[in-house]
Enquirer: 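This is the structure I have questions about; it appears just below.
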Amino acid sequence: MNTKYKKLELCWPGKDIEVKPEPRVLIEDPDKSYGDPNTQNMLIHADNLLALKALEQNFAGKVKCIYIDPPYNTGNAFEHYDDGLEHSTWLNLMKPRLEILYKLLANDGSIWISIDDDESHYLKVYCDEIFGRKNFVNNVIWEKKYSPQNDSKWLSDSHDHILVYAKNKDIWRPFLLPRTDEMDNRYKNPDNDPRGVWKATDFSVKTYSKNSDYPVTLPSGRIVNPPLSRCWVTSKDRFNELVADNRIWFGANGNNVPSVKKFLSEVKQGSVSKTIWNREEVGDNQEAKKEVKAFENANVFTTPKPERLIQRVIQLASIEGDIVLDSFLGSGTTAAVAHKMNRKYIGIELGEHCNTHCLPRLKAVCDGTDQGGISKALEWKGGGGFKFFGLAPSLLNKDKYNQWVINPNYNAQLLAAAMARHEGFTYCPSETVVWKQGYATEFHFIFTTTNTVTPDVVEQILSELKPEESLMICCPAFVDGCNEISPRIELKKIPTLLLGKCEFGKEDYCTDTSIITMPADPDRPEFIPSYVKPDVKPEPAKIRKDEPTQTKLLF
């Protein structure tokens with residue numbers, strides 16, 4: 001059958017509009033960084049799309065576990081989020097972020113997305129497109145409430161979803177959950193077997209095999225057969241071997257149907273997670289609010305997640321030392337739990353609660369004064385640290401003539417770092433060679449200067465280049481003929497080489513989600529959507545004066 005539709009996908013107004021965020025440089029704020037100065041943990045106060053783009057070059061394929069709790073689009077006005085986007089607007093908010101999150105995810109990593117019924121099914125279909133339908137793992141059901149809402153018009157909503165995708169399901173496997181005392185207490189040792197405690201398991205199976213259908217004579221002398229339409233687990237010869245090894249249990253009086261002794265010492269030292277997570281196991285909304293209230297009593301975050309819930313995700317998706325990322329950090333729960341579980345973490349939050357909630361919470365975790373949540377269960381005593389980052393301002397601004405020019409607030413070091421990032425180089429200035437500011441390969445370097453480049457400068461650098469080395473020079477202007485001196489030295493003009501590559505001068509990708517105008521019913525009342533718009537937006541990070549320590553603050 002001929003058809004123009006080649007694949008199953010979710011379509012909505014604005015999906016085809018390309019978003020090109022600028023790859024900004026991250027600048028550390030040492031006054032807000034805390035604890036161990038050598039930490040690799042990151043707390044970023046910025047628009048999360050711009051922050052994710054800033055992380056892409058350094059962290060692509062390195063993040064083992066991503067957990068995000070995006071605005072649910074419920075139509076309710078929250079204190080910290082205006083969570084009432086029209087469906088297509090919400091999908092346009094999520095699309096570019098999920099695309100970058102996919103790139104950041106390690107090949108053996110997984111992403112866990114909290115969502116409720118309002119958008120979960122749309123999100124599932126779109127995530128099938130991004131991550132691949134074959135990489136969908138499960139839909140976890142989390143019991144978020146205990147008491148029914150008696151004022152509900154229809155059914156009382158008591159659960160949320162967590163959509164789980166692997167980057168590559170063929171190689172990804174969840175880790176086992178720790179065994180509980182309740183599990184271990186099921187094992188006894190009534191016959192004092194020297195191999196330790198055990199429990200009896202069924203010796204019959206549904207899959208029928210004539211070779212395993214035979215009568216068994218019990219020690220009491222009674223003869224038994226498998227239940228109707230079933231057979232024994234093993235053949236008769238293997239059964240006799242198990243009896244000889246004291247692995248078959250016939251009951252204390254030797255008159256019970258045979259069962260297999262399963263020793264605790266031989267079972268997996270952990271358990272496989274189920275897809276229904278009860279509040280008794282992982283906490284609920286009320287528990288989460290109590291945890292947040294402990295360090296921010298005056299202004300409790302509206303929609304936090306309990307630490308035990310995030311602990312479950314991190315247990316299944318990572319081991320110590322792995323990178324955990326949350327780009328909708330909210331009250332900071334993911335970062336706090338990852339810290340206590342000895343994972344590296346990256347937390348991104350655009351709202352002012354990055355300062356009012358996340359910052360004091362993570363300081364308390366480092367100090368060991370946060371003894372709520374999972375702290376007592378893990379015997380958390382403090383330690384570690386985190387670095388606080390903001391985004392550099394846009395590299396290009398428009399001047400009074402409406403022409404794009406280099407942002408006058410940029411100093412030489414920040415300009416060099418930004419150009420390296422834009423051109424795909426790793427910013428790593430040499431201590432001995434001034435023109436080696438970054439590298440793309442072992443022998444290909446980048447040099448950014450605010451001076452006009454002359455043939456004499458090119459000749460001087462060429463004399464210092466090793467035969468196998470090459471260089472890109474970025475500058476505002478160069479004299480004719482410089483580009484013809486050597487094929488190993490390429491000159492490019494700033495800002496000309498940057499125009500069209502990305503969107504400059506844009507600080508906010510939440511209130512503008514590129515929705516196209518659709519034909520409207522003339523008789524329909526005007527619809528004015530509500531957007532995600534926190535009261536306080538993060539400002540561009542402060543640029544310090546040129547000094548040797550500046551380089552250490554750039555990322």
Enquirer: Tell me the closest heavy-atom pair linking L177 and S273, and the distance in Å.
Expert: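 Answer, listing the atom of L177 first, then S273: CD1-CB, 3.7 Å.
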
Enquirer: Can you tell me if Y214 uses its side chain to pair, donor with acceptor, with the backbone of S235 under 3.5 Å?
Expert: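 Yes, the answer is positive, given that a donor and an acceptor are paired below the 3.5 Å cut-off.
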
Enquirer: If you draw a 6.0 Å radius around NZ in K262, do more than 12 non-hydrogen atoms from other residues or ligands fall strictly inside?
Expert: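 Atom NZ in K262 is not packed in, count stays at 12 or less.
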
Enquirer: Is it the case that K95 places NZ or CZ above or below the six-membered ring of Y126, under 6.0 angstrom from the centre and within 45 degrees of the axis?
Expert: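 Not flagged: K95 not positioned over aromatic ring of Y126.
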
Enquirer: Can you find a heavy atom in the side chain of K169 that is under 4.5 Å from one in the side chain of K134?
Expert: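 No, too far: nothing below the 4.5 Å cut-off.
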
Enquirer: For D108, which of K64, K167, R173 qualifies under salt bridge (charged side-chain N to carboxylate O under 4.0 Å, His left out)?
Expert: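 Considering K64, K167, R173, a salt bridge (charged side-chain N to carboxylate O under 4.0 Å, His left out) with D108 is found only for K64.
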
Enquirer: Begin with the C-alpha distance, continue with both residues' side-chain angles, and end with the deciding distance and a verdict on side-chain contact (heavy atoms from CB on, under 4.5 Å) for F175 and L316.
Expert: CA-CA 5 Å; F175 294 99; L316 293 171; 5.7 Å; no

Enquirer: For D128, is there an ion pair with K124 - N to carboxylate O distance below 4.0 angstrom?
Expert: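 Salt bridge: yes.
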
Enquirer: As an exercise, state the distance from SG of C354 to CD of E352, rounded to the nearest 0.5 Å.
Expert: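 Reported value, rounded in 0.5 Å steps: 8.0 Å.
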
Enquirer: Is it true that a side-chain atom of Q371 and a backbone atom of G368 form a donor plus acceptor pair closer than 3.5 Å?
Expert: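 Between the backbone of G368 and the side chain of Q371 there is a qualifying donor-acceptor contact (under 3.5 Å).
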
Enquirer: side-chain contact (heavy atoms from CB on, under 4.5 Å), that's the test. Do I113 and L98 meet it? Break it down for me.
Expert: CA-CA 10 Å; I113 309 175; L98 288 171; 4.1 Å; yes

Enquirer: Could you measure the distance from the CG atom of D16 to the CG atom of N92? Nearest 0.5 Å is fine.
Expert: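 So the gap between those two atoms works out to 9.0 Å.
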
Enquirer: Are the side chains of Y67 and S110 in contact, using a 4.5 Å heavy-atom criterion?
Expert: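 They are not in contact (no side-chain heavy atoms under 4.5 Å apart), so the answer is no.
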
Enquirer: Using atom types as modelled and distance alone, determine if a side-chain donor or acceptor of W277 lies under 3.5 Å from a backbone N or O of I141.
Expert: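 Side chain of W277 to backbone of I141, a donor-acceptor pair under 3.5 Å: no, none is there.
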
Enquirer: Could you measure the distance from the CG atom of L264 to the CG atom of D184? Nearest 0.5 Å is fine.
Expert: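 Between L264 CG and D184 CG, I get 5.0 Å after rounding to 0.5 Å.
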
Enquirer: Check this for me: does any side-chain nitrogen of one of E287 and R279 sit under 4.0 Å from a carboxylate oxygen of the other?
Expert: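 No salt bridge links E287 with R279.
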
Enquirer: Answer yes or no: are there more than 12 heavy-atom neighbours, outside Y187 itself, under 6.0 Å from its atom OH?
Expert: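 Yes, because the 6.0 Å sphere around OH of Y187 holds more than 12 heavy atoms from other groups.
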
Enquirer: What is the distance from atom NE2 of H45 to atom CG of L26, rounded to the nearest 0.5 Å?
Expert: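 H45 atom NE2 to L26 atom CG measures 13.0 Å (nearest 0.5 Å).
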
Enquirer: With the side chain counted from C-beta on, respond yes when L43 and K387 share a heavy-atom pair under 4.5 Å apart, and no when they do not.
Expert: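 No, too far: nothing below the 4.5 Å cut-off.
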
Enquirer: Can we say E281 and R308 salt-bridge, meaning some charged N sits less than 4.0 Å from an Asp/Glu carboxylate O?
Expert: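 Salt bridge: no.
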
Enquirer: Any side-chain donor-acceptor pair under 3.5 Å between Y146 and S158?
Expert: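 No - no donor-acceptor pair under 3.5 Å links their side chains.
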
Enquirer: Show your reasoning for whether side-chain contact (heavy atoms from CB on, under 4.5 Å) applies to V233 and S212.
Expert: CA-CA 7 Å; V233 174; S212 298; over 6 Å; no

Enquirer: If the condition is ring-ring contact (aromatic ring centres under 6.0 Å, His included), which residues does H121 pass it with, not counting sequence neighbours?
Expert: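 Applying ring-ring contact (aromatic ring centres under 6.0 Å, His included) to H121 gives none.
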
Enquirer: Using modelled atom types only, decide if a donor and an acceptor are shared between the side chain of D367 and the backbone of T369 within a distance under 3.5 Å.
Expert: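 Not at all, since once roles are kept as given, no pair shorter than 3.5 Å links the two residues.
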
Enquirer: Just wondering, are more than 12 heavy atoms of other shown residues or ligands nearer than 6.0 Å to CD1 in I171?
Expert: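 Yes, CD1 of I171 has more than 12 neighbouring heavy atoms, counting only those of other groups under 6.0 Å.
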
Enquirer: Any idea which heavy atoms bring P219 and G254 closest together, and the distance?
Expert: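 Taking every non-hydrogen atom into account, CD-O, 3.3 Å.
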
Enquirer: Hey, does L55 have a side-chain heavy atom less than 4.5 Å from the side chain of I100?
Expert: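 No - every pair of side-chain heavy atoms lies 4.5 Å or more apart.
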
Enquirer: Is it the case that the side chain of K103 and the backbone of E99 share a donor-acceptor pair, with hydrogens and angles ignored and the cut-off at 3.5 Å?
Expert: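 No, K103 side chain to E99 backbone: no donor-acceptor pair under 3.5 Å.
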
Enquirer: How far does CG of L101 sit from OH of Y165, to the nearest 0.5 angstrom?
Expert: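 Rounded to the nearest 0.5 Å, the CG-OH separation comes out at 14.0 Å.
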
Enquirer: For D191 and W249, test the side chains for any donor-to-acceptor distance below 3.5 angstrom and give the result as yes or no.
Expert: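 No, no side-chain donor-acceptor pair sits under 3.5 Å.
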
Enquirer: Minimum heavy-atom separation for Q57 and G424, please, with both atom names.
Expert: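 Heavy-atom minimum between the residues: NE2-C, 3.2 Å.
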
Enquirer: How far apart are the closest heavy atoms of V313 and C65, and which atoms are they?
Expert: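 Reported closest heavy-atom pair: CG1-SG, 4.2 Å.
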
Enquirer: Hey, is the main chain of W142 close enough, under 3.5 Å, to the side chain of D284 for a donor-acceptor pair?
Expert: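 Pair absent, no side-chain N/O of D284 close to backbone of W142.
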
Enquirer: Here's a test for you: under salt bridge (charged side-chain N to carboxylate O under 4.0 Å, His left out), which of R247, K199, R195 qualifies with E266?
Expert: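 It is R247, the one option of R247, K199, R195 that forms the salt bridge (charged side-chain N to carboxylate O under 4.0 Å, His left out) with E266.
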
Enquirer: Rounded to the nearest 0.5 Å, what's the gap from CG on L325 to CD1 on I111? Could you check?
Expert: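 Reported value, rounded in 0.5 Å steps: 9.0 Å.
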
Enquirer: Only pairs at least two apart or in different chains count here, so list each side-chain hydrogen bond (donor to acceptor under 3.5 Å, both in side chains) that has a residue in residues 335-348.
Expert: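 Qualifying pairs: E307-K340, S318-R343, H339-Y345, K340-D370, K340-S375.
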
Enquirer: Quick one about T333 and R361 (side-chain donor to acceptor, distance below 3.5 Å, no hydrogens or angles considered), yes or no?
Expert: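 Yes - a donor-acceptor pair under 3.5 Å links their side chains.
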
Enquirer: CD of E280: more than 12 outside heavy atoms within 6.0 angstrom?
Expert: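 Result for CD/E280: enclosed.
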
Enquirer: Do you know the tightest heavy-atom contact between K188 and P190?
Expert: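 Scanning both residues completely, I find the closest heavy atoms to be C-CD, 3.6 Å.
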
Enquirer: Might you work through the salt bridge (Lys or Arg N to Asp or Glu O under 4.0 Å) test for K236 and E241, ending with a clear yes or no?
Expert: CA-CA 9 Å; K236 189 171 184 179; E241 291 175 2; over 6 Å; no

Enquirer: Taking CZ in R222 as the centre, count heavy atoms belonging to other residues, nucleotides or ligands within less than 6.0 Å. Is the count above 12?
Expert: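 Yes.
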
Enquirer: For I319, is there any backbone N or O sitting under 3.5 Å from a side-chain donor or acceptor partner on D322?
Expert: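 Pair found, side chain donor or acceptor close to backbone of I319.
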
Enquirer: What I'd like to find out is whether the side chain of D326 reaches to under 4.5 Å of the side chain of I66, using heavy atoms alone.
Expert: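 No, every pair of side-chain atoms sits at 4.5 Å or beyond.
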
Enquirer: Do side-chain atoms of W198 reach the backbone of S265 as a donor and acceptor pair under 3.5 angstrom?
Expert: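 Side chain of W198 to backbone of S265, a donor-acceptor pair under 3.5 Å: no, none is there.
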
Enquirer: Decide salt bridge (Lys or Arg N to Asp or Glu O under 4.0 Å) for R230 and D202; before the verdict, give the C-alpha distance in whole Å, the side-chain angles of both, and the deciding distance to 0.1 Å.
Expert: CA-CA 12 Å; R230 297 173 70 95; D202 194 356; 3.5 Å; yes

Enquirer: So, do I223 and L218 sit near enough that their side-chain heavy atoms are less than 4.5 Å apart?
Expert: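 When only atoms from C-beta onward are counted, L218 and I223 do not touch, as no gap falls below 4.5 Å.
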
Enquirer: Is it true that a side-chain atom of E143 and a backbone atom of H159 form a donor plus acceptor pair closer than 3.5 Å?
Expert: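 No, because the side chain of E143 does not come within donor-acceptor range (under 3.5 Å) of the backbone of H159.
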
Enquirer: Check ring-ring contact (aromatic ring centres under 6.0 Å, His included) between F203 and all other residues, then give those that pass, not counting sequence neighbours.
Expert: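 Partners of F203 by the ring-ring contact (aromatic ring centres under 6.0 Å, His included) criterion, ordered by chain and then number, come out as W232, F239.
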
Enquirer: Donor-acceptor check, side chain of N138 to backbone of T275, threshold 3.5 angstrom: yes or no?
Expert: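 No, the answer is negative, given that no donor and acceptor are paired below the 3.5 Å cut-off.
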
Enquirer: Hey, which of I348, I44, T334 is the one that makes side chain to side chain contact (heavy atoms under 4.5 Å, CB included) with L329?
Expert: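 Result: among I348, I44, T334, T334 is the only option passing the side chain to side chain contact (heavy atoms under 4.5 Å, CB included) with L329.
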
Enquirer: Below 4.5 Å, heavy atoms only, C-beta onward: do S114 and H161 meet side chain to side chain?
Expert: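 The answer is no, as the side chains (C-beta and beyond) never meet within the 4.5 Å cut-off.
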
Enquirer: Between I68 and M94, does the side-chain contact (heavy atoms from CB on, under 4.5 Å) criterion hold? Intermediate values first, please.
Expert: CA-CA 11 Å; I68 57 173; M94 296 301 299; 4.2 Å; yes

Enquirer: When you look at F131 and Y102, which way does the ring pair (Phe, Tyr, Trp, His ring centres under 6.0 Å) test go after all the steps?
Expert: CA-CA 7 Å; F131 297 97; Y102 176 81; 5.6 Å; yes

Enquirer: Determine whether P23 and E56 make a side-chain contact, defined as any pair of heavy atoms from C-beta on separated by less than 4.5 Å.
Expert: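 Answer no - side chains too far apart.
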
Enquirer: Using distance alone, with no hydrogens and no angle criterion, decide if N246 and D193 have a side-chain donor and acceptor under 3.5 Å apart.
Expert: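 Yes, because at least one side-chain N or O of N246 sits under 3.5 Å from a partner of the opposite role on D193.
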
